[in-house]
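Structure record follows, encoded as structure tokens.
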There are 2 protein chains.
Amino acid sequence: MKQYFGEYIRNLRTEKGLTLTQLGAKLDLDSANLSKIENGKREFDEKRLELLASVFGLDIEHLKTEFFSELFAKKIYETNCSTEVLNVAEEKVKYYREQNVKQGKLKL
Amino acid sequence: MKQYFGEYIRNLRTEKGLTLTQLGAKLDLDSANLSKIENGKREFDEKRLELLASVFGLDIEHLKTEFFSELFAKKIYETNCSTEVLNVAEEKVKYYREQNVKQGKLKL
DNA sequence: ATTATATTTGTCAAATACTGACAAGTCTAA
DNA sequence: TTAGACTTGTCAGTATTTGACAAATATAAT
């Protein structure tokens, strides 16, 4: 998927022939703010991912992948970080999952 | 590196025989808050990474890798996201770097 | 061209999250 | 038991994000 998350939403919306106001209502979002999201001037709020998935019948896992990958990529891009960071992150996730990490060890 | 970022700081500090107050002064941080950071009860602030590197003579790239990998891993862990997200993120970073993405396309 | 609808942009107060600071507590070693 | 080190809780100040609204612009139909 070679597009920004906002563009992705806009495509979904226009494919279904919905206006900003109509989709905004479904997502509990002002049409003006949805416009900004689609144009990359505001962030889509993580807490609305499930709602977005259900509105368009999307696989939530796929949607989360799209959403968070953009979040991480932006951070790496703007901090000019090595992509090596992603390999290290993968190891850490594995470790956290093995250890069943809880709050206290790590601020979650 | 199989330790949390707070533990990492604590190790650096104790190796050098510094107290929380002493290191706190160098990092412009209250000793109480530094304690929380070392114990995983507060986040280390990204804006102090360079300072931390210079205090201990660390490679800033390595430090950023440690810091952001933990950030990403925590997010993936707490949202129960597939680690596939990391591969997608890598593609996106490449793309952003090729395209020299600026504000407007993407909220940075 | 005029009207109606859709979209974009700017702004701002309210809500939320983060930070620095301090006080009071526990722990440790001399 | 005293001093210094560390931990924990709290909270006001600050910064950031969000929802909401108004006004401007764009688009399409008549």
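Throughout, a chain's letter reflects where its sequence line sits, starting with A, and its residues are numbered from 1.
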Taking the side chain as C-beta and beyond, is there a heavy-atom pair between A:Phe5 and A:Leu63 under 4.5 Å? yes
Is A:Ser35 close enough to C:dT8 that one of its side-chain N or O atoms is under 4.0 Å from OP1 or OP2 there? yes
Going 5' to 3' along nucleotides 17-26 of chain C, which nucleotides have protein heavy atoms under 4.0 Å from the base (write B), which only from the sugar-phosphate (write S), and which from neither (write -)? --BBBBB---
Give one of base, sugar-phosphate or nothing for B:Thr19, where a contact means two heavy atoms less than 4.0 Å apart. sugar-phosphate
Test of understanding: with side-chain contact (heavy atoms from CB on, under 4.5 Å), list the residues that count as partners of A:Ser54, not counting sequence neighbours. A:Leu51
Salt bridge (Lys or Arg N to Asp or Glu O under 4.0 Å) with B:Arg13: which residues, sequence neighbours excluded? B:Glu38
Which residues satisfy the salt bridge (Lys or Arg N to Asp or Glu O under 4.0 Å) test with B:Glu78, sequence neighbours excluded? B:Lys75
Looking only at side-chain N and O atoms, does A:Lys41 come under 4.0 Å of OP1 or OP2 in C:dT8? no
Looking at C:dT7, I'd like to know if its phosphate oxygens (OP1 or OP2) sit under 4.0 Å from a side-chain N or O belonging to A:Asn39. no
By salt bridge (Lys or Arg N to Asp or Glu O under 4.0 Å) - contacts of A:Glu90 (at least two apart): none
Reckon A:Arg13 has a side-chain N or O less than 4.0 Å from the OP1 or OP2 of C:dT7? yes
What residues form a side-chain contact (heavy atoms from CB on, under 4.5 Å) with A:Asp28, not counting sequence neighbours? A:Arg48
